[in-house]
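Values in this document were obtained by computation on a predicted structure and should not be read as measured data.
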Amino acid sequence: MTTTLIFDMDGTMVDSMPYHARSWAEFTRRHGIAMEVDEILRRTTGRNGVECIRELFGAQTEEARALELIAEKEAVYRELFEPAFREVAGFGEFEGQARSRGLKIAVATAGDQHNIAFVLRHLRLAVTPQAIVGGDEGLPGKPEPDLFLEAARRVGAAPADCIVFEDAPFGIEAARRAGMRAVAICSSHPAEELAGPHVLAQVRDFRELTTSNFLENLDA
């Protein structure tokens, strides 16, 4: 049995959530939407792009128009985040150690192919993850489990052999629904919002997992 690590992207691999917040603020200003950014993030984090836009513009929004609008918003996000790009502390080292131990690595994110390519280009991982599932592939976003289940399917792993790394409540819930264990990365939400019987650890960043010998203890 080989353990598979499935990583959410925004707020988990990269410290991008402040820039998503700023891009939502700019997007809603342009479109005259009177909704606080905190409320937008609460409703949308973990959901795919079409679902996000329908939260703001209504469920009747046609898919083509929703895709056009989310593309606008995400372009603003990438423009804002690029000069300040940074990983969640310790991610690269932790991912490399996990890979060297023979663990399978996958990414399951509500982000689209453009955001995924942007993040991977800047992270410069030594090896591309064995599976990458994005939010523009037609699967429902979190808290539905589909993104995580598809990542497991693509690497040939049983859900019970997967550990999800997540920073958002919808993602922690999606891991539970998928029958997977989880690690809460408390970069954008407090630990009490990322709790559950399936949660193995709650940490601020990946440095805490490295210093606590998390990977070594998986084999114990």
same_hphob_cluster([X], [Y]) at 4.5 Å side-chain heavy-atom cutoff:
{"X": "I163", "Y": "M9", "result": "yes"}
{"X": "I40", "Y": "F27", "result": "yes"}
{"X": "V183", "Y": "L194", "result": "no"}
{"X": "M13", "Y": "L5", "result": "yes"}
{"X": "I185", "Y": "L215", "result": "yes"}

Practice prompt. Please assess T12 against D167 for the test side-chain contact (heavy atoms from CB on, under 4.5 Å), listing each intermediate value before the final yes or no.
Written response: CA-CA 6 Å; T12 299; D167 73 304; 3.3 Å; yes
Worksheet item: Thinking salt bridges, do R99 and E95 make one under a 4.0 Å N-O criterion?
Response: yes
Discussion item. List the residues meeting side-chain contact (heavy atoms from CB on, under 4.5 Å) with Y19, not counting sequence neighbours, and say none if there are none.
Written reply: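 Per chain and number, Y19 pairs via side-chain contact (heavy atoms from CB on, under 4.5 Å) with R22, Y77, L80, F81, A84, R86.
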Fill in: Set of residues satisfying side-chain contact (heavy atoms from CB on, under 4.5 Å) with respect to P197, sequence neighbours excluded
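Counting only residues at least two positions away or on another chain, P197 forms no side-chain contact (heavy atoms from CB on, under 4.5 Å).
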Hey, could you give me the [atom1]/[atom2] distance between [X] and [Y], rounded to the nearest 0.5 Å?
{"X": "F170", "Y": "R42", "atom1": "CZ", "atom2": "CZ", "answer": "7.0 Å"}
{"X": "E93", "Y": "L209", "atom1": "CD", "atom2": "CG", "answer": "11.0 Å"}
{"X": "E79", "Y": "E74", "atom1": "CD", "atom2": "CD", "answer": "13.0 Å"}

Discussion item. Under the side chain to side chain contact (heavy atoms under 4.5 Å, CB included) test against W24, which residue among K73, M35, E39 passes?
Written reply: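 Among K73, M35, E39, the one that satisfies the side chain to side chain contact (heavy atoms under 4.5 Å, CB included) with W24 is K73.
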Is there a donor-acceptor contact under 3.5 Å from the side chain of [X] to the main chain of [Y]?
{"X": "E51", "Y": "G141", "result": "yes"}
{"X": "Q60", "Y": "F57", "result": "yes"}
{"X": "E87", "Y": "G92", "result": "yes"}
{"X": "K104", "Y": "V155", "result": "yes"}
{"X": "N48", "Y": "L139", "result": "yes"}

Residues 117-131 side chain polar contacts: donor-acceptor under 3.5 Å, at least two apart:
from : atom 1 : to   : atom 2 : distance (Å)
H122 : NE2    : E82  : OE2    : 3.1
Q130 : OE1    : I105 : N      : 2.9

Identify the two heavy atoms, one from [X] and one from [Y], that lie closest to each other, and give their separation to 0.1 Å.
{"X": "R181", "Y": "A175", "value": "O-CB, 4.4 Å"}
{"X": "E26", "Y": "R29", "value": "OE2-NH2, 2.8 Å"}
{"X": "T44", "Y": "C52", "value": "CB-SG, 3.5 Å"}
{"X": "M180", "Y": "H198", "value": "O-CD2, 3.5 Å"}
{"X": "G134", "Y": "I116", "value": "CA-CD1, 3.8 Å"}
{"X": "E166", "Y": "V164", "value": "CG-CG1, 3.6 Å"}

Fill in: Residue pair S16, D10: steps toward the side-chain hydrogen bond (donor to acceptor under 3.5 Å, both in side chains) verdict
CA-CA 6 Å; S16 56; D10 290 297; 2.7 Å; yes
Do the side chains of [Y] and [X] get nearer than 4.5 Å, heavy atoms only?
{"X": "V199", "Y": "I172", "answer": "yes"}
{"X": "F7", "Y": "I132", "answer": "no"}
{"X": "L103", "Y": "T3", "answer": "yes"}
{"X": "C186", "Y": "R204", "answer": "no"}
{"X": "L149", "Y": "P159", "answer": "yes"}

Discussion item. Using the ring centroid of each side chain, check whether F165 and F91 are separated by less than 6.0 Å.
Written reply: no
Item to complete: Kindly indicate, with the supporting measurements, whether the criterion side-chain contact (heavy atoms from CB on, under 4.5 Å) is fulfilled by T45 and M17.
Response: CA-CA 9 Å; T45 301; M17 293 311 295; 3.8 Å; yes
Item to complete: Not counting sequence neighbours, list each pair that qualifies as a side-chain hydrogen bond (donor to acceptor under 3.5 Å, both in side chains) and has a residue in residues 143-159.
Response: E137-R154, E144-R177, E150-R153, E150-R154
Please table the atom pairs, donor to acceptor, closer than 3.5 Å between any side-chain atom in residues 62-71 and protein atoms at least two apart or in another chain.
from : atom 1 : to  : atom 2 : distance (Å)
R65  : NH1    : E68 : OE2    : 2.2

Under 3.5 Å, which donor-acceptor pairs do the side chains of residues 106-113 form with other protein atoms, sequence neighbours left out?
from : atom 1 : to   : atom 2 : distance (Å)
T109 : OG1    : G111 : N      : 2.8
D112 : OD1    : H114 : N      : 3.1
D112 : OD1    : N115 : N      : 2.9

Discussion item. Would you call the rings of F206 and F94 parallel, tilted or perpendicular, taking 30° and 60° as the class edges?
Written reply: tilted
